[in-house]
Amino acid sequence: MALARTRGGAAPLNSPEILLTDATAAALTPAFADQLVRWQKSHGRHSLPWQNTRDPYRVWLSEIMLQQTQVATVQDYYTRFLQRFPTVAELAAAPPDEVLGLWSGLGYYSRARNLHSCAQDVVRLHGGQFPQTAALLQTLPGIGPSTAAAIASFCYSERVAILDGNVRRVLTRLTAFSGDLSSIAQERTLRDMATELLPRRKLREDMPRYTQGIMDLGATICTSRQPSCPLCPVQKLCLGLASGAPERFPVKTRKLRRSALSLSLLWAQRSDGAVWLERRPATGIWGGLYCFPVFGTEDELLAALPAALQGQLQAVPPFVHVLTHKDLRLSPMRLILPSRPAKALRLSGDGAWFGRGDWTVLGLPAPIRKLLSE
Ligand code: SF4
């Protein structure tokens, strides 16, 4: 798609058009990519552990880990994963529980399950080699358009645009894109525009650098609340800045509503330290992880216990664990049992007693691991 253009100055901010003058569009198309690539060379990030490689396994692993997760959190996990699974074949061959255990604490566990399935598909369907185009990469589990574009541009210099949250912010500000990104049509228009702005020459060197540059710009300068426009390498091109209020972009009217959920947790522990953990169903909160038995209410928890044990429960102060779109209000009830309680306690579900040496390597939800570690 060619960039939509208006004649003779910027259109009003509520215009459904992409707001570009002829002159700005002409200047943006080569200039934005050139300036971004130059800036990335001199000021961008170069020393993150997953940079300076064209190995698709490493790039893929980092891209999946970085979804919804801060760079600082990912670094240790990334290093540990690579130490344990240096190749995609080794990851594919690992037991699922080991993968979930190493992922434990990173959250969004469907990513870990997809990671494992994806590694298995790469080995089974592609002979252990990642496909080399964004279109083919998207056929693998857990790889969406943006992740596929990141792998294809970093590793194979494909001219394809990423469009994660940081990049959306940079591009909508740069072009004062006033379309509502709740609409699929506007999202598609932005994607077309992102493609239009990509480098057109020296792709082998410039595509990886451009992709890294736009990520770096969004993460370090064009930040969500207070963009550091005076430091920005493309400030002279930026229509959002020229409008006087770059923070108004991106425009997204439909916000995901947060919800809350209260759960009671049975923290049953033997005097020798072993804890009772059950595997959660594959879908839903904490899918596939090991967890204390979970109940919708305290009454349901009590009903699951023999009357003789109900009086031994000790309430642990409730706390809130925040997920992206949900607040979990967790109320653990602790039950200390002798070291051989099998006859006294009949817990349902796919569970077992795990000693300390065992549960530390299991995939556990972050709040459960924290309770046990304390
Ligand atoms: Fe973002 Fe400001 Fe740069 Fe525009 S000038 S891209 S708003 S940091």
Side-chain angles (χ1 to χ4, degrees), residues 48-50 55-126 128 130-131 137-148 150-151 164-165 263 277-292 294 321-326 328 349-352 354 358-373:
L48 296 171
W50 44 85
D55 177 351
Y57 173 60
R58 289 170 178 245
V59 172
W60 163 72
L61 185 61
S62 67
E63 287 297 320
I64 301 292
M65 287 186 166
L66 286 164
Q67 289 166 8
Q68 321 276 352
T69 311
Q70 304 282 335
V71 166
T73 309
V74 166
Q75 296 201 14
D76 283 351
Y77 281 89
Y78 177 80
T79 307
R80 273 202 300 274
F81 249 82
L82 275 185
Q83 275 165 357
R84 171 61 190 89
F85 309 120
T87 64
V88 70
E90 281 158 288
L91 175 56
D97 278 346
E98 191 179 0
V99 178
L100 281 171
L102 267 181
W103 193 273
S104 196
L106 262 184
Y108 302 97
Y109 294 94
S110 58
R111 289 184 299 172
R113 289 191 295 276
N114 279 331
L115 189 87
H116 197 217
S117 310
C118 180
Q120 291 175 329
D121 278 7
V122 167
V123 169
R124 194 167 48 89
L125 304 175
H126 300 278
F130 278 82
L137 284 161
Q138 279 182 66
T139 62
L140 291 166
I143 299 190
S146 217
T147 304
I151 301 167
D164 63 9
L263 297 173
L277 298 170
E278 297 178 353
R279 192 197 278 281
R280 300 279 301 154
T283 54
I285 292 169
W286 302 329
L289 299 186
Y290 281 88
C291 186
F292 297 156
V294 175
H321 180 69
V322 178
L323 302 176
T324 316
H325 303 303
K326 205 184 278 291
L328 296 182
D350 175 15
F354 289 91
D358 300 322
W359 66 254
T360 44
V361 295
L362 286 179
L364 302 175
I368 304 301
R369 185 175 296 280
K370 190 154 177 259
L371 279 173
L372 288 173
S373 304

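We number each residue from 1, following the sequence as shown. Nothing here was measured: the structure is a model prediction, and the numbers come from that model.
- Minimum interatomic distance between Leu140 and Pro131 (heavy atoms only, all atoms of both residues): CD1-CD, 3.8 Å.
- A heavy-atom distance below 4.5 Å is found between the side chains of Leu102 and Phe85.
- At least one side-chain heavy atom of Glu98 sits less than 4.5 Å from a side-chain heavy atom of Arg84.
- Residues Trp103 and Arg111 form a side-chain contact, since some pair of their non-hydrogen atoms from C-beta on lies under 4.5 Å apart.
- Remark: side-chain polar atoms of Thr69 are paired, donor with acceptor, to backbone N or O of Gln67 under 3.5 angstrom.
- With values rounded to the nearest 0.5 angstrom, Cys118 atom SG is found 7.0 Å from Ile64 atom CD1.
- Smallest separation of non-hydrogen atoms from His116 and Ala92: NE2-O, 3.5 Å.
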(request) Test Thr73 against Gln70 for side-chain hydrogen bond (donor to acceptor under 3.5 Å, both in side chains), laying out the working first. (result) CA-CA 5 Å; Thr73 309; Gln70 304 282 335; over 6 Å; no
(request) Evaluate the side chain to side chain contact (heavy atoms under 4.5 Å, CB included) criterion for residues Phe292 and Leu372: first the C-alpha distance (whole Å), next the side-chain angles of each, then the deciding distance (0.1 Å), finally the verdict. (result) CA-CA 10 Å; Phe292 297 156; Leu372 288 173; 3.9 Å; yes
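- No side-chain heavy atom of Asp358 sits under 4.5 Å from any side-chain heavy atom of Leu277.
- Side-chain contact between Val294 and Arg280: present, with at least one pair of heavy atoms (C-beta onward) separated by less than 4.5 Å.
- Scanning all heavy atoms of the two residues, the minimum distance from Val88 to Gly128 falls at CG1-O, 3.6 Å.
- The aromatic rings of Phe354 and Tyr290 sit perpendicular to each other, their planes meeting at more than 60°, with 30° as the lower class boundary.
- Listed here is the closest heavy atom pair of Pro365 and Leu289: N-CD1, 3.6 Å.
- Taking all atoms of both residues into account, the shortest heavy-atom contact from Val99 to Phe81 is O-CZ, 4.0 Å.
- One finds the CD1 atom of Ile151 at 14.5 Å from the CZ atom of Arg58 (value rounded to the nearest 0.5 Å).
- In this pair, Tyr57 and Phe130 present their aromatic rings tilted. The plane angle is within the 30 to 60° band.
- The backbone N or O of Ala282 sits less than 3.5 Å from a side-chain atom of Arg113, completing a donor-acceptor pair.
- Two residues are said to be in side-chain contact when any heavy atoms from C-beta on lie closer than 4.5 Å; Val71 and Leu66 meet this criterion.
- At a threshold of 4.5 Å between non-hydrogen side-chain atoms, the residues Trp50 and Leu61 do not count as touching.
- Counting only heavy atoms from C-beta outward, the side chains of Ile143 and Glu63 never approach each other to under 4.5 Å.
- The two atoms that bring Arg369 and Ser104 nearest to each other are NH2-OG, 2.9 Å, heavy atoms only.
- Taking CH2 of Trp60 as the reference point, atom CE of Met65 lies at 9.0 Å (rounded to 0.5 Å).
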